[in-house]
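Accompanying notes for the structure given below.
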Amino acid sequence: MDANALAVVVRQVIGPILIGVVVHASLFGVVVCQYIRYFTLDFKDSRLLLATIAWMALVDLLLTMNSVALLWNYVIENFADPTVLQSTVWNFNMVPLFSTLSAFPVQVFLANRVRKFSGSSILFAALVVLSLAAAAPAWVTSIKFQTDSDVSHRALLLKISYAWGGISLGCDATLTVLMTYFLWQKRTAFQRTNKILNHYIQVGIQSALPVTICAAMVLILSKTMTTTNIHYVFSVNLGRMYS
């Protein structure tokens, strides 16, 4: 591979990974501050919720370590070695798996909130199944990439990842709409109560918006820019959005 071709590969493959990891590490600093604040304020939350937040913190830490190791592999350990680009490394393959490890607990937590508001266990079960349906293609994608890391087969494997992104996006959108609907239904004649409910609705929408945008960008970029890794900028940060 000549110097010009190598420069193009670096821009299209390594460049997005570098940007994604830098953004990811920066966001990790933000969520660490949030975790510290949460645990030091000693909220009287249930053990299940405390365990869920601790799990999210652990996944965030592992995903950040995985991302830094991925960047090290490309820009330090295998610097200027074009042969490393002929296959994906395990750190890259694990990104969809880590994303679902963050997404699934949050989606189940919100589904349980919908159950409490609606009183429907059937609706809760349907939402959990939808979340599992989103997680399954992500796990399959990671496993398939791990067992067949040849980049020449990437197009076939991306079709599975499209299902992951699409179903996950649909699940998040459904949860946001349902939460907004049932909170709106709780409105009363008391202005103070309505103000609190409006605040919850606003926070819910603001929290869902980054996840929705990130998931949509992963789908769009991986579908339209198949010769680059530009989608990685968003896919590596998708799991972080749930924190």
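In terms of heavy-atom proximity, S67 sits nearest to V236 at OG-CG2, 3.4 Å. The nearest pair of heavy atoms linking A138 to P96 is O-CB, 3.6 Å. Closest approach of V114 and F182 over heavy atoms only: CG1-CE1, 3.9 Å. Summarising the geometry of A215 relative to L169, their closest heavy-atom pair is CB-CD1, 4.0 Å, with the distance given to 0.1 Å. Shown here for L97 and S142, the closest heavy-atom pair between the two residues is N-OG, 3.1 Å. Between S102 and M56, the closest heavy-atom pair is O-SD, 3.5 Å.
Contact check for M241 versus L27: side-chain heavy atoms found under the 4.5 Å cut-off. A 4.5 Å side-chain heavy-atom check between L101 and W139 finds at least one atom pair inside the cut-off. Looking only at side-chain heavy atoms (C-beta outward), N66 and L62 stay at 4.5 Å or farther from each other. By the 4.5 Å heavy-atom criterion applied to side chains, I213 and F234 are not counted as neighbours. No side-chain heavy atom of L63 sits under 4.5 Å from any side-chain heavy atom of F28.
With rounding to the nearest 0.5 angstrom, the CZ atom of R115 is 13.0 Å from the CD1 atom of I122. Separation of atoms OH (Y38) and CG (L50) is listed at 4.5 Å; rounding is to 0.5 Å. Between the CD atom in Q34 and the CG atom in D60 there is a gap of 9.5 Å [rounded to 0.5 Å]. Remark: F104 CZ to C171 SG distance equals 9.5 Å, nearest 0.5 Å.
Using a distance-only test at 3.5 Å, with no hydrogens or angles considered, no donor-acceptor pair links the side chain of D172 to the main chain of T212. The backbone N or O of R37 lies less than 3.5 Å from a partner atom in the side chain of T40, making a donor-acceptor pair. For the pair S131 (side chain) and Q107 (backbone), a donor-acceptor distance under 3.5 Å is absent. A donor-acceptor contact shorter than 3.5 Å is absent between the side chain of T100 and the backbone of A103. Judged by distance alone, with hydrogens and angles left aside, the side-chain atoms of W55 form no donor-acceptor pair with the main-chain N or O of P105 at under 3.5 Å.
Linking Ile, Leu, Val, Met, Phe, Trp and Tyr whenever their side-chain heavy atoms come within less than 4.5 Å puts I53 and L61 in one cluster. No single ILVMFWY cluster, assembled from side-chain heavy atoms under 4.5 Å apart, contains both V140 and L132. Taken together through direct or relayed side-chain contacts under 4.5 Å among Ile, Leu, Val, Met, Phe, Trp and Tyr, Y242 and M217 form part of one hydrophobic cluster. Grouping the Ile, Leu, Val, Met, Phe, Trp and Tyr side chains by contacts below 4.5 angstrom, directly or via other members, places V108 apart from L127. Linking ILVMFWY side-chain heavy atoms closer than 4.5 Å, directly or via other members, places V211 and M179 in a single hydrophobic cluster.
The side-chain contact (heavy atoms from CB on, under 4.5 Å) with L178 is formed by just one residue from the set T176, L175, T174; it is T174.
Residue-environment remark: CG (L41) exceeds the threshold of 12 foreign heavy atoms within 6.0 Å. At most 12 non-hydrogen atoms from other residues, nucleotides or ligands lie less than 6.0 angstrom from OH of Y181.
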